[in-house]
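These notes are about the structure you will find just below.
Atoms considered below: every heavy atom in the structure, side chains included; atoms not considered: hydrogens, waters and symmetry mates. All chains are named by letter (A, B, ...) in the order of the sequence lines, taking the proteins before the strands, and each is independently numbered beginning at 1. Model, not experiment: these values are computed from the prediction.
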Amino acid sequence: MAEQANGLRLFNTLQGQVEPFAPLDPDGKRVNMYVCGPTVYDDAHLGHARCYITWDVLYRFLTFLGYDVKYVRNVTDVDDKILNRAKERGETPAELAERNYQSFTEDMAALNVLPPDEEPRATQYIRQMLDGIQVLIAKGAAYATPDGSVYFRVAAKPDYGKLKYATQDTALLKKHLDDLKAGARVEVEEGKESPLDFALWKAVPLEDPNGWESPWPPTQETSKGWGRPGWHMECSAMNHAVFGEQIDIHAGGADLIFPHHENEIAQSEAWTGQQPFSKYWLHNGFVNVSGEKMSKSLGNFSTIKKVLARYDANTIRYFLLTNHYRMPVDFNDEALQAAENWVDKTFGKLKKLNITREELNKVLFKTAAEVKALEQGLNLEDSHFSEFLHLMEVDLNTAQGLAILNRTFTKMQLANAQGDYARAMELFQRVVNMMNVLGFSFESLFEGVSLPAAEIHSLYAELAGHQTNSAEQAPETMLEEIVTMRREAKASKNWAQADAIRKQLTDIGLQILDNKDGTTTVEKDGLEIVRV
RNA sequence: GGCGGCAUAGCCAAGCGGUAAGGCAGGAGCCUGCAACGUUCCCAUCCCUCGUUCAAAUCGAGGUGCCGCCUCCA
């Protein structure tokens with residue numbers, strides 16, 4: 001294929017195909033990106049993890065490519081689910097939302113997901129929603145019903161359905177929408193002109209504590225209206241308030257394509273008269289659990305906290321990145337275990353390099369331009385990082401990116417083993433930068449280890465076979481003596497004794513390794529404690 | 001009923017017209033008292049059928065089998 005191999009390309013749901021990415025900004029620099037955030041009525045689950053890790057990688061990648069990204073992720077804190085849950089729990093919706101928002105924030109941090117630049121909350125934008133709705137009514141794209149609700153008039157937007165059906169052909173869209181209406185599960189709401197029309201504002205009883213004053217009073221009752229925003233209006237209002245009339249990227253889970261994002265498009269474009277509301281619409285695939293769709297009714301709903309209790313953030317990220325973000329992904333123990341094995345091996349080897357935080361920071365690239373300058377003139381075979389970038393540029397092909405990462409890692413190990421430290425260091429730099437762009441956390445490399453002093457002491461006392469003042473000795477010193485005792489056992493070919501000591505150390509979480517050069521090391525979690 | 005997606009080694013999973021990435025697991029060798037670590041090597045012709053093409057896992061048609069959306073959901 002003679003396709004030009006440069007530049008970021010992304011799958012745009014709006015066009016139904018992969019297309020070159022070019023921001024609206026005439027300078028091509030600024031990128032405004034909005035991701036649909038969580039409805040904070042419960043703990044975040046694996047679906048959220050997948051979604052926000054995916055867009056975290058995009059955010060990191062765009063930034064790395066040199067774009068000036070403004071990343072906004074909203075928080076939906078007004079919604080029927082929140083109200084119902086709060087009622088069950090006997091707390092206010094605001095308390096419930098705040099608690100779950102904090103929990104969500106913790107989960108994201110634990111997953112090493114970067115915080116967005118802004119996190120607007122729906123309840124802070126009621127005014128803007130009301131303003132937008134009034135504009136829509138004035139333009140004939142919405143109508144109030146006698147109960148004081150307001151609906152969007154789908155008939156006023158001939159290209160309604162263009163996201164779901166990925167076409168601008170209005171005749172075709174009309175046919176699709178007719179089919180949709182015919183097959184729709186019926187839930188007729190009083191006053192709607194068409195079953196496709198959707199709520200912008202829902203009337204609630206006057207002075208309901210979870211309502212806001214509106215300009216649409218129920219006819220014949222009072223002069224004051226009262227209600228709550230419709231399900232889709234908040235995103236349109238927040239985008240309008242934070243970014244203005246158009247944005248570059250709007251992303252979220254594939255389940256939001258219809259009706260949520262379709263309706264957002266209809267509202268926003270009818271409101272401002274500008275289109276496209278968002279130039280690129282990106283969607284990540286679903287999460288299944290052990291082959292089944294994750295859902296409450298199936299009882300296989302896994303929270304992030306639950307999974308993090310078993311697998312670390314890097315494991316979850318690696319697992320997700322081996323799959324393409326648009327494909328469905330199946331969380332199951334076999335796959336997670338394989339990912340964990342990779343993380344253990346890879347980070348274990350990195351840890352043996354004994355790199356400090358300062359040393360690591362020194363070799364991390366800031367921009368792709370820096371890398372290009374560095375790798376200029378190298379062929380693709382050697383310009384590992386450039387190859388990595390090229391693969392990532394094709395709709396975020398993280399699986400191929402990881403393949404390059406692994407190949408580079410193997411080469412680094414080889415150079416290291418051969419004593420070519422300059423080359424090893426060069427490759428190390430490529431490796432950690434790839435990991436950095438993908439959002440892996442390096443924290444575990446800097447964690448010290450805490451030695452089980454009491455256990456070491458009792459083992460030492462047992463082996464020494466006599467009273468010692470070992471309580472005053474450092475655990476490291478005792479370990480050295482234990483190693484020496486084992487060495488004596490080995491020298492006299494007392495293998496049983498030597499193996500017993502190894503077993504006892506293993507039991508308290510320490511690994512004893514005989515090296516090729518005749519030395520013996522004791523490690524904990526892959527980190528060398530003593531070498532004798 | 002309408003619309004869409006997916007089927008690649010034991011498992012996970014890229015590739016989407018030019019002769020099968022990567023990971024996990026597994027096997028063999030080196031190293032080793034054993035083990036671990038390290039390292040080298042091995043491990044698929046892409047659900048079926050018929051087409052298009054010099055060339056198909058990749059395109060078309062028809063099967064079969066999974067799955068999703070159309071209702072709140074990331």
Going from [atom1] on [X] to [atom2] on [Y], what distance comes out if it is rounded to the nearest 0.5 angstrom?
{"X": "A:His250", "Y": "A:Cys36", "atom1": "NE2", "atom2": "SG", "answer": "3.5 Å"}
{"X": "A:Ser268", "Y": "A:Met233", "atom1": "OG", "atom2": "CE", "answer": "7.0 Å"}
{"X": "A:His45", "Y": "A:Lys306", "atom1": "NE2", "atom2": "NZ", "answer": "12.5 Å"}
{"X": "A:Thr13", "Y": "A:Trp281", "atom1": "OG1", "atom2": "CH2", "answer": "9.0 Å"}

Using the [atom1] atom as the reference point in each nucleotide, state the distance between [N] and [M] in Å, no decimals.
{"N": "B:rG38", "M": "B:rA25", "atom1": "P", "answer": "11 Å"}
{"N": "B:rC11", "M": "B:rC47", "atom1": "P", "answer": "14 Å"}
{"N": "B:rG17", "M": "B:rA74", "atom1": "P", "answer": "35 Å"}
{"N": "B:rC48", "M": "B:rC42", "atom1": "P", "answer": "27 Å"}
{"N": "B:rG15", "M": "B:rA57", "atom1": "C1'", "answer": "9 Å"}
{"N": "B:rG62", "M": "B:rC46", "atom1": "P", "answer": "22 Å"}
{"N": "B:rU45", "M": "B:rA56", "atom1": "C1'", "answer": "11 Å"}
{"N": "B:rG10", "M": "B:rU39", "atom1": "P", "answer": "27 Å"}

So [X], base contact, sugar-phosphate only, or nothing? Heavy-atom distance under 4.0 Å.
{"X": "A:Arg407", "answer": "sugar-phosphate"}
{"X": "A:Asn406", "answer": "sugar-phosphate"}
{"X": "A:His283", "answer": "nothing"}
{"X": "A:Trp342", "answer": "sugar-phosphate"}
{"X": "A:Gly253", "answer": "sugar-phosphate"}
{"X": "A:Gly348", "answer": "nothing"}
{"X": "A:Asp255", "answer": "base"}
{"X": "A:Thr39", "answer": "sugar-phosphate"}

Can you tell me if A:Asn397 touches the phosphate of B:rA14, counting only side-chain N or O atoms and a distance under 4.0 Å to OP1 or OP2?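 No, A:Asn397 has no side-chain N/O under 4.0 Å of OP1/OP2 on B:rA14.
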Taking only side-chain N and O atoms of A:Asn341, does any of them lie within less than 4.0 angstrom of OP1 or OP2 on B:rA25?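 Answer is yes, contact under 4.0 Å.
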Using a strict cut-off of less than 4.0 Å between a Lys/Arg side-chain nitrogen and an Asp/Glu carboxylate oxygen, indicate whether A:Arg486 and A:Asp514 qualify as a salt bridge.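 A salt bridge is present here (some side-chain N lies under 4.0 Å from a carboxylate O).
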Under 4.0 Å between a Lys/Arg side-chain N and an Asp/Glu carboxylate O for A:Glu106 and A:Lys305?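 A salt bridge links A:Glu106 with A:Lys305.
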Checking side-chain polar atoms at under 3.5 Å, does [X] have a donor or acceptor matched by the opposite partner on [Y]?
{"X": "A:Lys411", "Y": "A:His384", "result": "yes"}
{"X": "A:Arg310", "Y": "A:Gln337", "result": "yes"}
{"X": "A:Asn100", "Y": "A:Ser103", "result": "no"}
{"X": "A:Asn332", "Y": "A:Asp330", "result": "yes"}

With a 4.0 Å heavy-atom cut-off, tell me which residues in residues 486-494 of chain A come close to RNA chain B, sorted by residue number.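 Result for residues 486-494 of chain A: A:Arg486, A:Lys490, sorted by number.
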Over how many whole Å does the gap from [X] atom [atom1] to [N] atom [atom2] extend?
{"X": "A:Asp80", "N": "B:rC72", "atom1": "CG", "atom2": "C1'", "value": "9 Å"}
{"X": "A:Ile82", "N": "B:rC73", "atom1": "CD1", "atom2": "P", "value": "12 Å"}
{"X": "A:Arg9", "N": "B:rG15", "atom1": "CZ", "atom2": "P", "value": "12 Å"}
{"X": "A:His232", "N": "B:rA74", "atom1": "NE2", "atom2": "P", "value": "13 Å"}
{"X": "A:Asn100", "N": "B:rA74", "atom1": "CG", "atom2": "P", "value": "12 Å"}
{"X": "A:Met435", "N": "B:rG23", "atom1": "CE", "atom2": "P", "value": "14 Å"}
{"X": "A:Phe409", "N": "B:rG23", "atom1": "CZ", "atom2": "C1'", "value": "13 Å"}
{"X": "A:His384", "N": "B:rA21", "atom1": "NE2", "atom2": "P", "value": "17 Å"}

Less than 6.0 angstrom separating the ring centers of A:Phe104 and A:Tyr52, yes or no?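 Yes.
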Looking at [options], which one has an atom nearest to any side-chain atom of [X]?
{"X": "A:Ala403", "options": "B:rG2, B:rA21, B:rA74", "result": "B:rA21"}
{"X": "A:Cys36", "options": "B:rC12, B:rA74, B:rG2", "result": "B:rA74"}
{"X": "A:Gln400", "options": "B:rC6, B:rC73, B:rG15", "result": "B:rG15"}
{"X": "A:Leu180", "options": "B:rC70, B:rG23, B:rA14", "result": "B:rC70"}
{"X": "A:Val287", "options": "B:rA14, B:rC69, B:rA74", "result": "B:rA74"}
{"X": "A:His45", "options": "B:rA14, B:rG2, B:rA74", "result": "B:rA74"}
{"X": "A:Met294", "options": "B:rA14, B:rC3, B:rA74", "result": "B:rA74"}

Assigned partner base of [N], Watson-Crick or wobble definition, under 3.5 Å:
{"N": "B:rG18", "answer": "B:rC54"}
{"N": "B:rC73", "answer": "none"}
{"N": "B:rC66", "answer": "B:rG5"}
{"N": "B:rC31", "answer": "none"}
{"N": "B:rG26", "answer": "B:rC42"}

May I ask you to decide if the ring planes of A:Tyr160 and A:Phe198 are parallel, tilted or perpendicular, using 30° and 60° as cut-offs?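 A:Tyr160 vs A:Phe198 ring planes: parallel.
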Comparing A:Glu334 and A:Leu402 on RNA chain B - which has the more 5′ nearest nucleotide: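 Nearest-nucleotide comparison on RNA chain B picks A:Glu334.
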On RNA chain B, check which nucleotide each of A:Tyr52 and A:Lys175 is closest to and give me the residue with the more 5' one.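 That would be A:Lys175.
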Between A:Arg228 and A:Asp80, does a salt bridge (charged side-chain N to carboxylate O under 4.0 Å, His left out) hold up when you go through it step by step? CA-CA 10 Å; A:Arg228 285 202 303 273; A:Asp80 285 348; 2.7 Å; yes
For each nucleotide in nucleotides 36-41 of chain B, reading 5' to 3', give B when a protein heavy atom comes within less than 4.0 Å of its base, S when such contact involves only the sugar-phosphate, and - otherwise. B-SSS-
